[in-house]
Amino acid sequence: HVQLVESGGRLVQAGDSLTLSCTLSGGTFRSYVMGWYRQAPGKEREFVAIINWSGSMTQYQDSVKGRFTISRDNAKNTTYLLMNSLTPEDTANYYCAADLNHSWYTIVTYKSLEHYGQGTLVTVSS
C-alpha cells in the first residue's frame with residue numbers, strides 16, 4: 001500500500017525559509033497528484049498546495065501564494081514544499097498527500113486527496 005514519509009520540519013524564526021520533503025513508496029510516484037496540507041493546534045486540517053503528475057500545474061491556498069512553492073522530482077519519488085517568509089501563523093503539522101484515482105479537476109474542486117502521511121512539525125517563532 002502507499003506510504004508517505006515527510007521530513008524537514010523544525011523550529012525556525014519568523015522570516016526564515018524551510019523546505020519540506022515527502023517520499024512516496026508502494027506506488028508509481030509519477031501517477032499521483034501530490035499535495036501538502038497542514039493542521040495548526042486547535043484547528044482543522046487545511047489545504048496548502050497541490051501539484052499535478054508532471055509538475056506543470058499547481059494550486060495554492062491564498063494565504064501561502066507567493067511564499068510557498070510546491071515541486072516534485074519524479075525520478076526521486078519525492079515532492080517538496082519550499083516555504084519562504086515564514087510567520088508564526090504558519091506553525092502547524094504539515095502533511096503530505098497523494099491521489100491516484102481522481103481527476104485534476106475533482107481534486108482542485110474538493111481539495112481532498114486519498115492518502116496522507118504522518119506529518120512533520122513546523123514551528124515558527126516570532
Side-chain angles (χ1 to χ4, degrees):
H1 64 283
V2 170
Q3 286 191 313
L4 300 167
V5 178
E6 305 95 335
S7 62
R10 62 181 176 89
L11 173 64
V12 296
Q13 292 188 332
D16 283 354
S17 297
L18 188 65
T19 298
L20 305 181
S21 301
C22 169
T23 300
L24 181 149
S25 61
T28 303
F29 180 76
R30 64 179 180 274
S31 298
Y32 287 80
V33 169
M34 299 299 297
W36 289 94
Y37 289 69
R38 67 185 180 185
Q39 186 168 18
K43 296 186 177 181
E44 294 187 354
R45 187 168 61 189
E46 64 176 3
F47 162 79
V48 175
I50 52 174
I51 187 168
N52 74 338
W53 308 269
S54 66
S56 62
M57 294 191 289
T58 57
Q59 291 274 322
Y60 295 92
Q61 182 200 107
D62 286 346
S63 69
V64 307
K65 283 181 182 177
R67 298 190 300 124
F68 290 12
T69 302
I70 187 171
S71 62
R72 65 190 295 158
D73 185 338
N74 287 347
K76 295 183 178 180
N77 293 355
T78 301
T79 189
Y80 305 95
L81 185 67
L82 169 61
M83 305 183 290
N84 293 322
S85 303
L86 285 162
T87 73
E89 288 69 38
D90 295 315
T91 294
N93 263 310
Y94 282 74
Y95 298 89
C96 179
D99 197 295
L100 176 66
N101 293 307
H102 297 95
S103 69
W104 177 251
Y105 172 79
T106 299
I107 293 170
V108 167
T109 299
Y110 296 103
K111 303 295 195 297
S112 179
L113 277 64
E114 293 175 306
H115 308 284
Y116 293 85
Q118 295 299 306
T120 186
L121 179 61
V122 175
T123 304
V124 185
S125 65
S126 58

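Residues passing the side-chain hydrogen bond (donor to acceptor under 3.5 Å, both in side chains) test with Asp16, sequence neighbours excluded: none. Residues meeting the salt bridge (Lys or Arg N to Asp or Glu O under 4.0 Å) test with Lys65, sequence neighbours left out: Asp62. With sequence neighbours excluded, the residues forming a side-chain contact (heavy atoms from CB on, under 4.5 Å) with Thr109 are Tyr105, listed by chain and number. Residues satisfying the salt bridge (Lys or Arg N to Asp or Glu O under 4.0 Å) test with Arg38, not counting sequence neighbours, are Glu46, Asp90. Partners of Ser17 under the side-chain contact (heavy atoms from CB on, under 4.5 Å) rule, at least two apart in sequence or in another chain, are Asn84.
Counting only residues at least two apart or on different chains, no ring-ring contact (aromatic ring centres under 6.0 Å, His included) pair has a member in residues 64-104. Identified under the disulfide bond (SG atoms under 2.5 Å apart) test for residues 47-90, with sequence neighbours left out: none. Judged as a disulfide bond (SG atoms under 2.5 Å apart), not a single pair has a partner in residues 31-85 (not counting sequence neighbours). Listed by first and then second residue, the disulfide bond (SG atoms under 2.5 Å apart) pairs that reach into residues 87-126 are Cys22-Cys96, sequence neighbours excluded. Residues in residues 1-35 take part in no ring-ring contact (aromatic ring centres under 6.0 Å, His included) pair, two or more places apart or across chains.
Annotation: cation-pi geometry not satisfied between Arg67 and Tyr60 (NZ/CZ under 6.0 angstrom from ring centroid, within 45° of ring axis).
Applying side-chain contact (heavy atoms from CB on, under 4.5 Å) to Leu81 and the options Leu18, Thr19, Val48 leaves one that passes, Val48.
No donor-acceptor pair under 3.5 Å is formed between the side chain of Thr28 and the backbone N or O of Arg30. Counting only distance, with no hydrogens or angles, the side chain of Thr79 and the backbone of Ser71 share a donor-acceptor pair below 3.5 Å.
Leu11 belongs to no multi-residue hydrophobic cluster, having no ILVMFWY side-chain contact under 4.5 Å with any other such residue. Here Tyr110 is tied to no hydrophobic group at all, with no ILVMFWY side chain closer than 4.5 Å.
Heavy atoms from other residues, nucleotides or ligands lying under 6.0 Å from CD of Glu114 number more than 12.
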